[in-house]
Protein chains: 2
Amino acid sequence: MNATTFSALAEPNRLDIIELLRDGPMPVGEIADRLELHQPQASKHLRVLSDAGLVEVQPVANKRIYKLCPQPFLEMDEWLDSFRRAWEERFDRLDDYLRELQGMEKKPDNGGK
Amino acid sequence: MNATTFSALAEPNRLDIIELLRDGPMPVGEIADRLELHQPQASKHLRVLSDAGLVEVQPVANKRIYKLCPQPFLEMDEWLDSFRRAWEERFDRLDDYLRELQGMEKKPDNGGK
DNA sequence: TTCGAATATTCCTGTAAAGGAATATCCGCA
DNA sequence: TGCGGATATTCCTTTACAGGAATATTCGAA
C-alpha cells in the first residue's frame with residue numbers, strides 16, 4: 001500500500017472531489033462550482049489526484065472530464081483485507097504480547113501450572 | 001469519511017507503524033527499533049496516530065503498548081463500499097455525462113419515451 | 001487566423017509538519 | 001525518596017504544500 005494514495009486523500013477538498021466524482025465523471029468547471037472552489041485550485045487538486053492515479057482525464061470538446069480510477073480503491077480494499085484477517089485471529093491480543101514478555105524473561109516454564 | 005484518517009496515514013513512517021501493529025500490540029521501543037526510527041520520532045508519530053483514533057495505548061509497567069483501533073478501518077471499509085456500489089451501476093459511464101450534456105442543450109423532453 | 005470558453009500553470013506568501021537534539025516526565029523498585 | 005528504564009515533549013530549522021492572483025495554454029467555431 002502506497003502512502004501517496006493517502007496523501008492525495010488527506011486534503012479535505014480533494015477528498016470532496018473524489019466523493020463528488022463517485023456520482024459520475026465531471027468537467028473541471030462543474031467540480032469547482034459544486035465545491036465552491038476557484039477554478040485554479042480545482043485544477044491543482046485534480047493534478048495531484050491524477051498524479052496519484054486516483055483520477056483520469058478525458059478531453060471532450062474544450063472540456064476535460066475527470067473520472068475516478070478503480071485501481072487505487074481496489075488496492076485499498078486489499079490492504080484493509082490484511083487487517084480484517086489480522087483482526088479475526090489476534091485482534092485485541094494484548095495478552096499475547098504479555099505472554100511474550102514473560103517468555104523473554106528468566107521465568108522458566110512452570111509446566112503450565 | 002474523515003480526511004484526518006488519511007492524513008495520519010499519509011506519512012510513510014506512520015503507515016509503516018500501522019502495518020507493523022497489524023501483527024499485534026507493541027511497545028514504543030520495539031516499534032522504533034524495528035522501523036529504525038529514533039524514539040522521539042516514533043513517539044511523535046504515535047501521537048498523531050493516536051489523535052486520529054487509529055491506535056490506542058495501554059500502559060504495562062513502565063512500558064506503553066500501542067495497538068490498532070478497529071473503527072477507522074471499518075469506516076474506511078464502508079467508505080470504499082460506497083464506491084464499489086457506484087462502480088457497479090455507473091462505473092465508466094462517460095456516455096452518461098455526454099448524454100447529460102445533450103439534455104442540457106436545446107434537446108426537448110421527449111416524454112420519457 | 002482570431003476569439004472566447006475552459007482549463008492549466010506560474011509566482012508568491014503563509015503555514016503546517018517532519019526530523020534532530022536536548023530535556024522533561026512517568027513509573028516501579030531498592 | 002532517589003534511581004534508571006521507557007517514553008513524551010519542547011525547541012529549532014527546513015521543507016512541502018495550500019490558497020490567491022495573474023497569466024498561459026488549449027481547442028472549437030466563425
Side-chain angles (χ1 to χ4, degrees), chain A residues 2-18 20-21 25-52 54-67 94 97-98 100-102 104-107, chain B residues 3-18 20-21 25-52 54-67 94 97-98 100-102 104-106:
Chain A
N2 199 339
T4 307
T5 302
F6 291 128
S7 180
L9 296 169
E11 212 285 326
N13 290 312
R14 284 198 292 264
L15 186 53
D16 287 342
I17 291 178
I18 291 295
L20 182 58
L21 289 180
M26 208 171 291
V28 179
E30 189 174 343
I31 295 174
D33 282 352
R34 293 219 206 177
L35 300 181
E36 296 185 317
L37 296 175
H38 295 152
Q39 176 268 318
Q41 334 297 346
S43 279
K44 281 188 274 190
H45 284 309
L46 285 164
R47 181 78 146 90
V48 176
L49 291 171
S50 175
D51 286 347
L54 281 162
V55 305
E56 190 180 6
V57 67
Q58 176 156 353
V60 171
N62 63 344
K63 302 197 175 186
R64 305 190 51 142
I65 316 292
Y66 282 86
K67 65 174 189 177
L94 181 62
Y97 174 75
L98 295 179
E100 273 179 42
L101 270 189
Q102 298 296 330
M104 285 293 180
E105 290 166 16
K106 53 187 173 244
K107 185 158 179 196
Chain B
T4 308
T5 302
F6 291 129
S7 178
L9 295 170
E11 211 284 326
N13 290 310
R14 284 199 292 266
L15 186 53
D16 286 343
I17 291 178
I18 291 296
L20 182 58
L21 289 180
M26 208 172 291
V28 179
E30 189 173 345
I31 295 174
D33 282 352
R34 292 220 207 177
L35 300 181
E36 296 185 319
L37 296 175
H38 294 152
Q39 176 267 319
Q41 333 296 346
S43 279
K44 281 188 274 190
H45 284 310
L46 286 164
R47 181 76 145 91
V48 175
L49 291 171
S50 175
D51 287 347
L54 281 163
V55 304
E56 191 179 6
V57 65
Q58 177 156 351
V60 171
N62 61 344
K63 301 198 173 184
R64 305 192 50 143
I65 317 291
Y66 281 87
K67 65 174 188 178
L94 182 62
Y97 174 75
L98 295 180
E100 273 179 42
L101 270 191
Q102 298 296 331
M104 283 295 180
E105 290 167 16
K106 54 192 171 235

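Each chain gets a letter, A, B and so on, in the order its sequence line appears, and its residues count up from 1.
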Problem set entry | Distance (rounded to the nearest 0.5 Å) between A:Leu37 CG and A:Ile31 CD1 |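 Rounded to the nearest 0.5 Å, the CG-CD1 separation comes out at 9.0 Å.
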For this session: Enter the distance from B:Leu35:CG to B:Leu20:CG here, rounded to the nearest 0.5 Å.
Result: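 If I round to the nearest 0.5 Å, the distance is 5.0 Å.
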For this session: Side-chain contact test, heavy atoms from C-beta onward, threshold under 4.5 Å: evaluate it for A:Val55 versus A:Ile18 and give yes or no.
Result: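 In short, these two side chains touch, coming nearer than 4.5 Å.
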Can you measure [X] atom [atom1] to [N] atom [atom2] for me and round it to whole angstrom units?
{"X": "B:Arg64", "N": "D:dT9", "atom1": "CZ", "atom2": "C1'", "result": "12 Å"}
{"X": "A:Asp33", "N": "C:dA5", "atom1": "CG", "atom2": "P", "result": "15 Å"}
{"X": "B:Ile31", "N": "D:dT7", "atom1": "CD1", "atom2": "P", "result": "9 Å"}
{"X": "A:Asp51", "N": "C:dA8", "atom1": "CG", "atom2": "C1'", "result": "13 Å"}
{"X": "A:Glu36", "N": "D:dA18", "atom1": "CD", "atom2": "P", "result": "20 Å"}
{"X": "A:Leu35", "N": "D:dA18", "atom1": "CG", "atom2": "P", "result": "15 Å"}
{"X": "A:Gln58", "N": "D:dC27", "atom1": "CD", "atom2": "P", "result": "14 Å"}
{"X": "A:Glu30", "N": "C:dA6", "atom1": "CD", "atom2": "P", "result": "12 Å"}

Exercise. For A:His38 and A:Ser7, take the nucleotide of DNA chain D holding the closest heavy atom to each; which residue's nucleotide lies nearer the 5' end?
Worked result: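 Its nearest nucleotide being more 5', the pick is A:Ser7.
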For this session: Please determine, for the side chain of B:Glu11, which listed nucleotide (C:dA8, D:dG19, C:dG19) has the closest atom?
Result: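 The nucleotide sitting nearest to the side chain is C:dG19.
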For this session: Go through the structure and list residues passing side-chain hydrogen bond (donor to acceptor under 3.5 Å, both in side chains) with A:Thr4, not counting sequence neighbours.
Result: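 Here the qualifying residues are A:Asn2.
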Problem set entry | For B:Asp51, salt bridge (charged side-chain N to carboxylate O under 4.0 Å, His left out) partners two or more places apart |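 In terms of salt bridge (charged side-chain N to carboxylate O under 4.0 Å, His left out), with neighbours along the sequence ignored, B:Asp51 is linked to B:Arg47.
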Exercise. Can you tell me if the side-chain N/O atoms of A:Tyr66 get under 4.0 Å from OP1 or OP2 in C:dA6?
Worked result: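 Indeed not, no polar side-chain atom of A:Tyr66 lies that close.
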Problem set entry | Within residues 39-49 of chain B: residues closer than 4.0 Å to DNA chain D (heavy atoms) |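 Going residue by residue through residues 39-49 of chain B, the ones with a heavy atom under 4.0 Å of DNA chain D turn out to be B:Gln39, B:Pro40, B:Ser43, B:Lys44, B:Arg47.
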For this session: Heavy atoms only: give me the nearest A:His45-A:Ile17 pair and the separation to one decimal.
Result: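 Of all heavy-atom pairs spanning A:His45 and A:Ile17, the closest is CB-CD1, 3.8 Å.
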Exercise. What closest approach, in Å, do B:Leu21 and B:Tyr66 show between heavy atoms, and which atom pair accounts for it?
Worked result: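 Scanning both residues completely, I find the closest heavy atoms to be CD2-O, 3.5 Å.
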Residues 6-13 of chain A side chain polar contacts: donor-acceptor under 3.5 Å, at least two apart:
{"unit_1": "A:Glu11", "atom_1": "OE1", "unit_2": "A:Asn13", "atom_2": "N", "d": "2.8"}
{"unit_1": "A:Glu11", "atom_1": "OE1", "unit_2": "A:Arg14", "atom_2": "N", "d": "3.2"}

For this session: Heavy atoms under 4.0 Å is the rule here; annotate nucleotides 25-30 of chain C 5' to 3' with B where the base is hit, S where only the sugar-phosphate is, and - elsewhere.
Result: ------
For this session: Sequence neighbours left out, what passes side-chain contact (heavy atoms from CB on, under 4.5 Å) with B:Ser43? Give chain and number order.
Result: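 B:Ser43 satisfies side-chain contact (heavy atoms from CB on, under 4.5 Å) with B:Val28, B:Gln39 only.
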